[in-house]
Protein chains: 2
Amino acid sequence: MTELRSVPTLDDVARTAGVSTATVSRCLNSPERVVEQTRKRVMSAVEQLGYTPNFGARAMAAKRTFTIGAIIPTMENAIFARGLQAFQEELHARGYTLLVSSSLYQPEVEDEQIRSLVARGADGLLLIGHDRDPSVYSYLQSRAIPVLSAWVYLPESDQPTVGFDNRQSMRALAQKVIDFGHRRIGMISGVTKGNDRAAARLAGLRDALAANGLDPEAMPLIETPYEIENGAVALQSLMASDDPPSVVMCGNDVLAVGALRGARDMGLSVPDDVSITGFDDIELARIVTPQITTVHVPHREMGRKAAQALIDMVEKRSTGASVELKSTLQIRDSLRDLTR
Amino acid sequence: MTELRSVPTLDDVARTAGVSTATVSRCLNSPERVVEQTRKRVMSAVEQLGYTPNFGARAMAAKRTFTIGAIIPTMENAIFARGLQAFQEELHARGYTLLVSSSLYQPEVEDEQIRSLVARGADGLLLIGHDRDPSVYSYLQSRAIPVLSAWVYLPESDQPTVGFDNRQSMRALAQKVIDFGHRRIGMISGVTKGNDRAAARLAGLRDALAANGLDPEAMPLIETPYEIENGAVALQSLMASDDPPSVVMCGNDVLAVGALRGARDMGLSVPDDVSITGFDDIELARIVTPQITTVHVPHREMGRKAAQALIDMVEKRSTGASVELKSTLQIRDSLRDLTR
DNA sequence: TTGTAAGCGTTATCAC
DNA sequence: GTGATAACGCTTACAA
């Protein structure tokens, strides 16, 4: 039958073990400071009562939660999934718990969630990208909560970052595209407002154009949220021009996969009629046909390193140094080499 | 420069507003019980100090957190993303916050996370599927924490469920496959141990075989974790047989997409050489070529309904009734009709 | 309408 | 090694 006796507390454990609450607390937090025999007695009382420490009370007394908060722009697509998984694994291995929420790419939502995570006692925070209102950083600083920005590498920033150089990476890919003989280049970018990664990728492409004597201003460009459907629509709009591009470079793989479908639906062949490139190298990029040329990002390594760096900050072993990871080009069938 | 005064508390707000802590608390929780003038004074003090209530303290005092916990098997692929997103939106609309963690399909990990969410004061829990150790349910019952199982519909269960009939759904798809003239049917199933959805889908296929005079025992079957790569490997193994199946039915779309790639890598054409079906109807199923025949699951509706049902339980408006949602067949190009 | 004060379940600082 | 006991920040009777 339903036993509905109330939830056991430290007190209950102490009473049934015949010790003080202090001793029970010690058994749980620093067992070595308690004699074997007492510890056994206490532990069996814990077992018997099914005791679980109350998190809120613990946080309040210890001013420490072993909780790390992370806010990612979206969970809907796989962009952050792999990195976050690695982040969480590393945290877990070091005795921390991860709390995740998603901001839907909206700064106000992110703000709210930062406050919520802080109120919940997060010992440290992982944020994606670095471009946000300075008040966010000063708020966190006033509470002495370490923050780490990931998915970007900005050594000159006040805050530590763990990631790669989005601008340089896109520039490298664009250079390859140009080397392959493409001159009419179009871009489908993510929304750059409030998204420094998207902005950096766009800038990187422009860098490459300028460096090769092409006019960055003349490049056909569509900005649209990272959704497959949007990629499809954008591609069709770019290709409807009188002088359509020979290659469409996308701000990420999600848009690229959409662009691929858009081309297919339009009866265009990829890469014969138009080449398509992506960014991120998520699984999707290898699943579609043709496979998508993209920038490979070391997601798992980034997640792991971010966890290490953040914990070091939380545990005051460091004040936060930035870590740079290297991206690499993944040339696949969706990009045609016009030079041969 | 860096202001590092300590975090403001209710006390601070009370002091600067010149009222008692009780009044501040009231302003925050039931503003109508405080006179306009006082409220204004208090709110401006809140603003000025940048006060945020401490969650732990609040939970401890109020025994209520407006937090719902959810544990899903994985975040790595999109199976649960859409439903969870809707779940979270509905919670948010009703003033609740969602805490998510993933169990990696491991019951022990799930156990640990349930306890962690409970310790954090979750007012209610959403779990995926229903098949777990009874001690889990009795633990939750002893603490009077409402649980809801989603992604399944089991009216006869002790616990409320919100979902669809996995077995019947797969049976319906299999019947369609058989109607299309397929007799040599192979299956790539998810791991059925500890996963009632996977087990039900397998059972549904067997039901259909038996109902049509085919031998369920003779069906080539591979069980493997839900990963794209595994689907590819499994398909190649099934197709390497002397008498390969004319259709491979997969436990979900992730496996199906993998199977598709496996076939392609093997030089087989889908659906001419072999048909492939999936389950769930995630975005992926429409992106690959050919598009995958699958069972459409109303993810968003399921998430929304689950949130409503769970909140009703938490707020004691109901003791938990199960809700059935209907799945539908999505016949697409990956399934060949052999009858014409 | 507002204030007082008793918890809520821990941890940590002292003594013993 | 172990036990009192004072925080920790908030909510909520109960009083005023």
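To find a chain, count down the sequence lines: A is the first, B the second, and so on, and within it residues start at 1.
Between B/H130 and B/Y137, the ring planes are parallel. Angles under 30° get that label, and only those over 60° would be called perpendicular.
Using a 4.0 Å heavy-atom distance criterion, A/A22 is classed as a base contact. If you check every strand for non-hydrogen atoms under 4.0 Å, A/T9 touches sugar and phosphate atoms only. Counting any heavy atom pair closer than 4.0 Å across all strands shown, A/T52 reaches sugar-phosphate atoms only and no base atom.
Of the residues near DNA chain D, B/F55 and A/V34, the one whose nearest nucleotide (by heavy atom distance) lies more toward the 5' end is A/V34. Along DNA chain C, the nucleotide closest to B/M60 and the one closest to B/G18 are compared, and the more 5′ of them pairs with B/G18. Where B/V19 and B/A61 each meet DNA chain C at their nearest nucleotide, the meeting point lying more 5' is that of B/V19.
Relative to the ring axis of A/F87, A/R304 does not place its NZ or CZ within 45° and under 6.0 Å from the centre.
Distance, A/F66 CZ to C/dT10 P: 17 Å, rounded to whole Å. One can place CD of B/E32 at 13 Å from P of C/dT2, the figure rounded to the nearest angstrom. Computed from coordinates, the A/Y51 OH to C/dG9 C1' distance equals 7 Å when rounded to whole Å. Note: CG (A/L28) to P (C/dT11) measures 7 Å, nearest angstrom. Rounded to an integer number of Å, the gap from B/K63 NZ to C/dG7 C1' is 9 Å. As a whole-Å value, the separation of B/N54 CG from C/dC8 C1' is 13 Å. Atom CG of B/D11 and atom C1' of C/dT4 are 13 Å apart (whole Å). Rounded to whole Å, atom P of C/dG9 lies 12 Å from atom CZ of B/R143.
The main-chain N or O of A/A61 is never found under 3.5 Å from a side-chain atom of A/R64 such that the two would form a donor-acceptor pair. B/T65 places a side-chain N or O within 3.5 Å of a backbone atom of B/G121 that can act as its donor or acceptor partner.
At the phosphate of C/dT11, OP1 or OP2 sits under 4.0 Å from a side-chain N or O atom of A/N29. Side-chain N/O atoms of B/T38 include one lying less than 4.0 angstrom from OP1 or OP2 on C/dT2. Look at B/T23 and you'll find a side-chain N or O under 4.0 angstrom from OP1 or OP2 of C/dG3.
A salt bridge links A/R300 with A/E89: the closest approach of a Lys/Arg side-chain nitrogen to an acidic carboxylate oxygen falls below 4.0 angstrom.
Where DNA chain D meets chain A (any atom under 4.0 Å from a heavy atom), the bounding nucleotides read 5' to 3' are D/dG1 to D/dG9.
Within 6.0 Å of CD in B/E108 there are more than 12 heavy atoms belonging to other residues, nucleotides or ligands.
Taking the side chain as every heavy atom from C-beta outward, B/Y153 and B/L325 never approach each other to under 4.5 Å.
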